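Here the structure is a predicted model, which is why all the values come from computation and not from measurement. For the numbers below, each heavy atom of this structure counts, side chains included, while hydrogens, waters and symmetry mates do not. Per chain, numbering begins at 1; letters A, B, ... match sequence-line order.
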Amino acid sequence: MQASHEMVPAANLADADTQKKMSDENDEDQPPPGFGESSDAVKEVTQQLETTVKVSEGETVDEPDLSLKSGGLREQPEAEITTKTEGDSIYTAAQKFEDLPLSPELLKGLYVEMGFKQPSKIQASTLPMILTPPYKDLIAQAHNGSGKTTCFVLSMLSRVDPSVPFPQALCICPTRELVVQNLSVLRRMAKFTTITSTSTATELEDGGMRRTPIKEQVVVGTHGKLKNWVTKRLLALENVAILVFDEADEMLKADAFADDSVRLINQLRKKNPKVQLLLFSATFNDEMKRFAMSIARQANQVFVAKEKLSLDVIAQYNVRCPDRTSKTRVLKEIIFPNCDRLGQTIIFVRTREAARTLHAEMDRDGYKCTSISGEKAPEDRDRVVQEFRDGTTKVLISTDVLSRGFDVSQVTLVINYDVPIERDGRSPAYETYLHRIGRSGRFGRKGAAFNLMSTAQDMEVMARISSYFNKPIAELKWDDEDQFIEVLNKTL
DNA sequence: CTAATTT
């Protein structure tokens, strides 16, 4: 494949020309990196759907209350969304949920159980694409907190035949916590249907080990156990009509995730060539976008330019600390004393060990918080998350196990105790940054993020993140509590 | 040495 253009490597992301070009014609019709597309496949009708700021006409934009009840969480300014449909299909954005081919039971679930009033923008544009036969694949990117979960949960539920007692819809997620959360949303939305569901995190009561084939119609899981179930013939793929990847770019990253993900897709397509593949995430960098398109070559596509991805409702600040010890002082002397008025806080660290030791130190010195990482037992993780959801705990120290998708509406503050870097130990983890700060400011609430930097590398990383998203990040003095409080009062 | 997921 010729790397003719737009292969913006991380190194020269500061190039302003490149950035402008990308945002202007962000996705100029780059055909999938394949060969021999038939003239039919090449005939990609590029058509803009109703993605302009129509909904907010007549209302003031800064009226957060109105957005609360729409099917997603918060309404985003999504004029920057690029929609590309494949083939001849023409879709009309759904103004109301009734415009969609949904059963009365599902509509009731949306209105009564979920309390939604109307589709969010990502739902309005993608649900018609997903639910209109022939059921085409979809690669969909949308802002954090814009209602992606509702999209794929509705899609799975509406493709299930309640009279068939076998798995018909699968959803694969990167973490146990996301599995639990997605299953919970799914069961609420399915409340008035007879559709059954289970997950890879649901089997504790089974003594840990499943022995009988799954009869539930929707299955949500992490890749390891799903693979295991398929291998042991506990999960039959014959009737699966739809496969959803939550946090798809993460699930397709070149490591263990990708291997299992691709294998599952291939197995499924072998059993049922028409299986519908949905890839959802808030982030698709150029590489993952290409990879996703190579997996789903005929997919409809919805993308957001990365410069438009950073959420303006989340105030972001860099904090230059003299050393790592002073990061802890920021927590003890500034964050914790203001905890009560802050809502809830998530502190992200890089390693399991850091989660453990920081928690131990805070605990020792009387600062009440909890911590979570992959080294904890599943029951402990469940408990810690539940306490945080209940609001029993206000501050949670976490590795990136919770960086994606974790939805707790009371979180107003995210602390990057360690700035996000890739596993090479050097490169900025752009996507991780966006996901982490997106844990705050949910449900139309405001949020803030503090990035604690103590080394030259930390500063370099934050500088590159800032330039990647074209988002200036102001700096705060680490030992000036008044400044912090002023910022918090202003933004929260 | 390092997150996440498994057997």
Residue set satisfying salt bridge (charged side-chain N to carboxylate O under 4.0 Å, His left out) with A:E475, at least two apart, ordered chain then number -> A:R320
Measure the distance from NZ on A:K376 to P on B:dT5 and round it to the nearest whole Å. 14 Å
Ignoring backbone atoms, establish whether A:R263 has a side-chain N or O less than 4.0 Å from OP1 or OP2 of B:dT6. no
At under 4.0 Å between heavy atoms, what does A:D260 touch on the DNA or RNA strands: base, sugar-phosphate, or nothing? nothing
Stacked cation flag A:K327 on A:Y417, 6.0 angstrom / 45 deg: yes
In whole Å, I'd like the distance from the CZ atom of A:R404 to the C1' atom of B:dA3. 11 Å
On the 0 to 90° scale, with breaks at 30° and 60°, tag the A:F450-A:F484 ring pair as parallel, tilted or perpendicular. perpendicular
Check the phosphate of B:dA3 against A:T175, side-chain N and O only, distance under 4.0 Å to OP1 or OP2. Yes or no? no
The criterion is salt bridge (charged side-chain N to carboxylate O under 4.0 Å, His left out); which residues satisfy it with A:R159, sequence neighbours excluded? none
B:dC1 OP1/OP2 closer than 4.0 Å to side-chain N/O of A:T351: no
Has A:R352 got a side-chain N or O lying under 4.0 Å from the OP1 or OP2 atom of B:dA4? yes
Indicate, with a heavy-atom threshold strictly under 4.0 Å, whether A:G425 touches base, sugar-phosphate, or nothing. nothing
